[in-house]
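Okay, structure first, notes after.
Basis for what follows: all heavy atoms, side chains included, without hydrogens, waters or symmetry-related copies.
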Amino acid sequence: MKLIRGLPRQAKKGELVALDIEIFQGEKPHRPTGIFAALSVSFLDSNTYLIEDRADLPAALERLDAGRWCIQNALYDLRQLRRWVNIKQRSVWDTLICEQDLYGGWFSRFDLANLSRRWLSEQLPKGQREQFIKTQTMTDEMRQYAAADAWATVRIAEKQMQYVEEEEDGKFAWYHDIDEPMIWVALAMPGVRIDVDAWRAQNIIHQREAGRLEKELGINVLSREQVVGMLQGLGVRSFKKTDKGNDSTSHEALASLKEDAELRGAKELAEATGAVLTARMYRKAVSTYGDRWLDENVEADGKVYPSWKITGAETGRMACSDPNLQQIPMRELPIFRSFFLADPGCRLLIGDVNQQEPRWTAWLSGDAALQKEIRGGMDLHMVAADLFRIKGKDRRRKGKDINLGLNYGMSAKGLAVRVGISLQEAENGLRERQMHYRGLQAWQNRMQQQAERLYKVRTASGRPVWVNPYDYQWMRNAINGPVQGSAADQTKAAAVAFNKMYKAPTLLIHDEMLADIPAGEMKKARAAMNEAWQEAGRQLMPDMPVEVEMVSGLHWGAKE
C-alpha cells in the first residue's frame with residue numbers, strides 16, 4: 001500500500017474504489033456527530049489517498065464519482081459524509097452487508113478485521129481506533145491505520161465480487177435489488193416521536209403491578225432460591241436444566257411448567273408460575289425500558305433515532321439497536337405502541353400484508369389447497385379452526401393462535417395450552433392439517449433434506465439462509481428460513497418502493513411499515529403504500545395476491 005496525502009486521482013468509469021471515513025470524538029456511531037478527521041480512498045493499484053481537510057471533500061468525491069464505491073458499513077460513512085457533501089443515491093458495494101448476504105448464519109462476525117482475516121488472510125491493526133475518540137489530532141500511526149482500512153476494503157470487495165461470479169453464477173439480486181437500495185431508505189428514515197410523559201407514567205404502573213404480584217406470591221420473582229422454594233411448596237421436585245441449557249427457573253422452563261400444569265389441571269401451580277412470569281415481565285419493562293431508557297435514547301427534539309441494520313439475521317430480517325425498538329415488548333404489553341406518536345400535524349399510517357407468512361408458505365410450497373384458499377380470499381385462521389374442530393364465538397382467534405404457533409414450530413402440547421384444547425384434540429388437529437396440506441408437508445421434507453445436504457436453504461430472492469445441522473432446532477430452521485426470509489425480503493422491497501413513490505418510512509418493525517403523513521396527504525400516501533406492497537409482491541412472488549391492511553391514527557396503537 002502506498003499512502004498519498006491529498007486529493008485522490010480521477011476514478012475511471014466503473015473502477016472499484018474504497019472509501020473509509022474517520023471521525024474524532026464521535027459519541028453515537030449511528031448519529032452524525034463528532035469532528036471530521038480524515039477520508040481514506042483506496043484503489044486496487046495499491047494507491048491510498050488520505051484527505052484531512054474537510055473543505056476538500058466535495059472535490060475528492062467529484063473525482064471519485066465515475067468509480068464504483070465500496071464501503072464497509074456504508075450507513076455510517078454515508079451518514080457522516082452527507083453532513084458536508086450532497087451525495088445522491090448511487091450504487092454502493094457495502095462489504096459488511098454483502099458478507100451478511102452471503103454468509104449470514106454461517107459466520108457471526110462481520111467487522112472489517114474478521115473480513116480481512118477471512119478474505120485476505122491478514123490481521124488489521126486496530127490499536128489506534130480508540131485514539132480517534134480521545135483526540136482531535138492525527139498522528140502518523142493514525143494515518144496508517146485509516147489508510148489500511150480502505151486498502152483492505154477495496155481488496156475484500158474485489159474478492160466478494162469474484163465469489164458472487166463463481167459461486168452464485170453472478171446472481172446477487174437480494175443485495176442489488178433489496179439491500180443496497182435499502183441503505184438509502186435507512187439514511188432517510190426520520191426517527192420516531194415518543195410520548196415521554198405517558199411512558200414514564202406507565203413505568204410507575206408496571207412497578208406497582210410487579211410489587212402487587214410479588215406481595216401475593218410472597219417472593220422476589222428474580223431470586224432463583226425463592227422461586228425454587230415456592231415451586232417445591234407446590235409439589236415440584238425436579239429442577240434440571242432444559243434442552244436449551246437454561247436454568248430450571250428460566251422463562252422457558254417456567255412457561256413449559258405452566259403448560260404442563262394447565263394440561264394436568266394443576267390450577268394452583270399454573271396460576272403461580274403464570275404470576276411469576278407476569279411479575280418478571282413488569283420488572284423487566286421497568287428495568288430495561290424505564291426512565292433510564294428514555295433519558296438515554298430520546299433526543300432533544302422528542303424523537304428516537306435507532307441504528308438500523310439492513311441485514312441483522314440469517315434470514316435477512318432487519319435489525320435495530322441503540323435502542324432496539326424490535327425488543328420492546330409490544331405484544332406482551334401493547335400499551336407501549338401508544339407511546340410512539342405521529343409528528344405534529346401528521347398522522348401515522350401503518351401498513352402490512354395480511355397473512356404475509358402463510359402467503360409465502362403457499363407460494364414457496366406450491367401446496368394446491370393452501371394456494372386455492374388464499375386466492376379465494378378464504379380466512380386461513382377460520383380454516384385452521386375447522387381443521388382442529390374448534391367451536392364457539394372465539395374460534396377465529398383460536399385459529400389464529402394455531403397458525404402463529406405452527407409458524408414457530410409449536411408442539412401439540414404447546415398448541416393445546418395456547419388454544420385451550422386437549423392434547424388429544426391438538427394431536428388430531430395436526431394430523432388433519434398434514435392430510436389437508438399434503439403439498440406443504442412434501443415441501444417441508446424437501447427443505448429439510450436440502451439443509452442436511454447443503455447446509456442452506458434459500459428465500460424467494462435467492463438469499464441463502466445457512467442452517468447449522470448441529471443446532472437442535474435445525475429442522476425447524478430449514479422450514480422457517482425460506483418463509484421468514486422471503487417475508488423479510490418483501491418488507492424491505494416494499495420500503496424501497498414506498499421511498500421512491502412517496503417518502504421514507506418512519507419505522508420498520510418486523511412486517512409493519514409506519515410513516516408520518518402530513519394533513520391532506522393521507523389518500524395519496526395510502527395509495528403509495530398499497531402500491532409499494534403490491535410491487536414488492538409482484539417482484540418476489542408473481543401470481544400470488546397481496547392483501548394490504550392499513551390503518552392510520554395519532555399513534556402506533558391505532559393498529560391493534
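Using a cutoff of 4.0 Å between basic side-chain nitrogens and carboxylate oxygens, R438 and D367 are not scored as salt-bridged.
By the ring pair (Phe, Tyr, Trp, His ring centres under 6.0 Å) test, W151 pairs with no residue at all, sequence neighbours left out. Remark: Q448 pairs with N445, M475, A478, I479 by the side chain to side chain contact (heavy atoms under 4.5 Å, CB included) rule, at least two apart or across chains. E427 pairs by the side chain to side chain contact (heavy atoms under 4.5 Å, CB included) definition with A412, L423, Q424, R431, not counting sequence neighbours. For the ring pair (Phe, Tyr, Trp, His ring centres under 6.0 Å) test, no residue two or more places apart in sequence or in another chain qualifies with W443. Looking at residues two or more places apart in sequence or on another chain, you find a side chain to side chain donor-acceptor pair (under 3.5 Å) between R143 and E52, D140. Annotation: side chain to side chain contact (heavy atoms under 4.5 Å, CB included) contacts of E373 (sequence neighbours excluded): L370, M378, L380, V383, H436, Y437. A search for ring pair (Phe, Tyr, Trp, His ring centres under 6.0 Å) contacts involving F36 returns W84, not counting sequence neighbours. For R82, the side chain to side chain donor-acceptor pair (under 3.5 Å) criterion is met by no residue, not counting sequence neighbours. Annotation: side chain to side chain contact (heavy atoms under 4.5 Å, CB included) contacts of T288 (sequence neighbours excluded): K284. W533 meets the ring pair (Phe, Tyr, Trp, His ring centres under 6.0 Å) test with no other residue; sequence neighbours excluded.
Rounding to the nearest 0.5 Å places CD1 of I23 at 8.0 Å from OG1 of T33. Rounding to the nearest 0.5 Å gives a distance of 5.5 Å between CZ of R79 and CG of L187.
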Trace of the ring pair (Phe, Tyr, Trp, His ring centres under 6.0 Å) decision for F172 with W174: CA-CA 6 Å; F172 206 17; W174 55 99; 5.2 Å; yes
T48 and K2: CA distance, side-chain angles, deciding distance, side-chain hydrogen bond (donor to acceptor under 3.5 Å, both in side chains) verdict: CA-CA 6 Å; T48 300; K2 181 180 179 182; over 6 Å; no
E512 and W556: CA distance, side-chain angles, deciding distance, side-chain hydrogen bond (donor to acceptor under 3.5 Å, both in side chains) verdict: CA-CA 10 Å; E512 289 185 72; W556 192 3; 3.2 Å; yes
Verdict with supporting geometry, L415 and L430, side-chain contact (heavy atoms from CB on, under 4.5 Å): CA-CA 10 Å; L415 281 177; L430 285 173; 3.9 Å; yes
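In summary, the side chains of S40 and D20 do not present any donor paired with an acceptor at a separation below 3.5 Å, with no hydrogens or angles considered. Between Q371 and R375, the side chains place a donor N or O and an acceptor N or O closer than 3.5 Å (distance only, hydrogens not considered). Using modelled atom types and a 3.5 Å distance limit, the side chains of D111 and N114 yield a donor-acceptor pair. No side-chain donor-acceptor contact under 3.5 Å links E357 and Q484. A donor and an acceptor atom, one from each side chain of S486 and T459, are nowhere located under 3.5 Å apart.
The side-chain hydrogen bond (donor to acceptor under 3.5 Å, both in side chains) pairs that include a residue from residues 93-110 are Q72-T95, W93-Q160, E99-R118, E99-W119, E99-Q160, D101-T311, D101-R463, Y103-Y163, where partners are two or more places apart or lie in different chains. Contacts classified as ring-ring contact (aromatic ring centres under 6.0 Å, His included) and involving residues 11-34 (residues at least two apart or in different chains) are given here: F24-F132.
The heavy-atom pair separating W466 from G105 by the smallest distance is CB-C, 3.9 Å. Minimum interatomic distance between L19 and L39 (heavy atoms only, all atoms of both residues): CB-CD1, 4.3 Å. Of all heavy-atom pairs spanning P181 and V496, the tightest one is CB-CG1, 3.8 Å. When every heavy atom of G191 is checked against every heavy atom of T506, the shortest pair comes out as O-CG2, 3.3 Å. Contact between Q356 and T491 at its shortest, heavy atoms only, is NE2-OG1, 3.4 Å. The two atoms that bring E22 and D149 nearest to each other are OE2-OD2, 3.9 Å, heavy atoms only.
The backbone N or O of R283 lies less than 3.5 Å from a partner atom in the side chain of S287, making a donor-acceptor pair. A donor-acceptor contact shorter than 3.5 Å links the side chain of K492 to the backbone of I310. Not a single donor-acceptor pair under 3.5 Å links the side chain of Y175 to the backbone N or O of L102. Remark: the backbone N or O of N324 is not paired with any side-chain donor or acceptor of S321 at under 3.5 angstrom. Checking side-chain atoms of Q490 against main-chain N and O of M541 turns up no donor-acceptor pair under 3.5 Å.
Atom NZ of K456 is surrounded by more than 12 heavy atoms from other residues, nucleotides or ligands within 6.0 Å.
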